[in-house]
2 protein chains.
Amino acid sequence: MKRNTWQRQAVREALDTSQGFVSAQHLYAGLRESGSPIGLATVYRALADLAVEGEADSLQSTEGESLYRACSTQEHHHHLICRNCGTTVEIEADAVEQWAASTAARHGFTEPRHIVDIFGLCAACSAGARGA
Amino acid sequence: MKRNTWQRQAVREALDTSQGFVSAQHLYAGLRESGSPIGLATVYRALADLAVEGEADSLQSTEGESLYRACSTQEHHHHLICRNCGTTVEIEADAVEQWAASTAARHGFTEPRHIVDIFGLCAACSAGARGA
DNA sequence: GTGAGTTTGACAATCATTCTCAGGTGGAAT
DNA sequence: ATTCCACCTGAGAATGATTGTCAAACTCAC
């Protein structure tokens with residue numbers, strides 16, 4: 001059975017506390033800074049578990065890191081991510097779901113899954129970029 | 001200026017010859033097998049160049065590898081990929097482009113870019129899976 | 001409280017990718 | 001055709017994220 005350790009709790013809370021997607025390394029660094037003696041391997045394991053259980057979403061950064069995020073809903077959804085500050089908005093996209101399903105079917109593909117994410121500059125960062 | 005070496009040509013041809021997305025490692029292995037003395041670092045450099053110049057598309061596999069593919073069009077498009085055999089179909093998605101742009105705008109995001117790919121089982125692999 | 005099985009953590013191992021740098025080479029000028 | 005040199009290549013080292021190992025610590029059911 002799955003045990004409930006303070007390490008897992010710590011990872012869960014750290015994820016909840018961060019506003020956008022974070023890397024395992026970053027999360028680990030943050031936990032260590034706040035005094036936790038948690039191990040790196042444990043953070044990786046906890047994140048992988050959370051992702052499997054549906055408590056966290058994950059995506060691949062362009063630099064080859066895996067990024068994680070605690071999402072408010074476990075339902076299928078997508079993300080709108082600020083590539084400057086990391087702020088993330090959860091978005092629904094029924095239209096896209098249907099488009100994906102029908103496109104796959106039209107080409108004879110079955111069991112379609114899809115990756116759909118939008119990266120941009122959030123309102124605040126857009127303003128900042130204009131000023132800077 | 002950009003030089004025209006046989007190594008670059010070899011990478012380009014290897015890319016053209018493969019039907020789906022391939023990893024740099026896989027491409028390198030194939031080239032070596034066919035007798036080419038090309039170096040690994042060179043393959044990485046060539047692929048990175050091709051991607052920048054728009055001659056190749058790239059995406060991140062879930063295992064943290066970068067995958068590359070020579071596409072028939074340099075226009076913006078997306079992919080429908082068989083997760084069993086790697087066969088890839090290029091697809092257009094004006095509807096999705098517009099959805100992405102308007103969704104980003106609605107949340108105050110600017111300069112939207114997006115990642116949209118569909119993974120499934122192609123007709124052949126679907127049939128195979130049923131049989132197996 | 002006890003025992004059995006899970007989880008943890010320090011560190012080694014792995015894997016893709018990038019860096020380094022000495023030697024090779026394309027191609028413009030001659 | 002020859003020369004020249006900035007760019008390219010290749011072998012191996014270096015990097016950085018992630019995973020594996022295994023003994024010790026811990027959780028939970030009883």
What's the CD-C1' distance between B:Gln9 and D:dC8, to the nearest Å? 14 Å

Indicate yes or no: at least one non-hydrogen side-chain atom of [X] is less than 4.5 angstrom from one of [Y].
X        : Y       : value
B:Ser23  : B:Ser61 : no
A:Leu59  : A:Phe21 : yes
B:Arg113 : B:His76 : no

Under the ring pair (Phe, Tyr, Trp, His ring centres under 6.0 Å) rule, collect the residues that match up with [X], sequence neighbours excluded.
X        : value
A:His107 : none
B:Phe109 : none
A:His77  : A:His79

May I ask you to evaluate whether A:Gln7 reaches the phosphate of D:dC26, defined as a side-chain N or O under 4.0 Å from OP1 or OP2?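 For D:dC26, OP1/OP2 do not have a side-chain N/O of A:Gln7 under 4.0 Å.
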
Please list, by residue number, the residues of residues 30-56 of chain B whose heavy atoms come closer than 4.0 Å to an atom of DNA chain C; answer none if no residue qualifies. B:Leu40, B:Ala41, B:Tyr44, B:Arg45

Counterpart residues, salt bridge (charged side-chain N to carboxylate O under 4.0 Å, His left out), relative to [X] (two or more places apart):
X       : result
B:Arg83 : A:Glu111
B:Glu97 : none
A:Glu55 : A:Arg12
B:Asp49 : B:Lys2, B:Arg8

Taking only heavy atoms on the protein side, list every residue of residues 58-69 of chain A lying under 4.0 Å from any atom of DNA chain D, sorted numerically.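 Going residue by residue through residues 58-69 of chain A, the ones with a heavy atom under 4.0 Å of DNA chain D turn out to be A:Glu65, A:Ser66.
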
Set of side-chain hydrogen bond (donor to acceptor under 3.5 Å, both in side chains) partners for B:Thr103, sequence neighbours left out: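 With sequence neighbours excluded, B:Thr103 shows a side-chain hydrogen bond (donor to acceptor under 3.5 Å, both in side chains) to B:Trp99, given in chain and number order.
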
Per-nucleotide protein contact along nucleotides 25-30 of chain C, 5' to 3', at a 4.0 Å heavy-atom cut-off (B base, S sugar-phosphate only, - neither), is BBS---

Restricting to non-hydrogen atoms, name the atom on A:Pro112 and the atom on A:Ala101 that form the minimum distance, rounded to 0.1 Å.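 In terms of heavy atoms, the two residues are closest at CG-CA, 4.4 Å.
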
For A:Glu90, I'd like to know if atom CD has over 12 heavy atoms of other residues, nucleotides or ligands within 6.0 Å.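 Result for CD/A:Glu90: enclosed.
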
State, to the nearest 10°, the angle formed by the axis through the first five base pairs of the helix from C:dG1-D:dC30 to C:dT30-D:dA1 and the axis through its last five. 40°

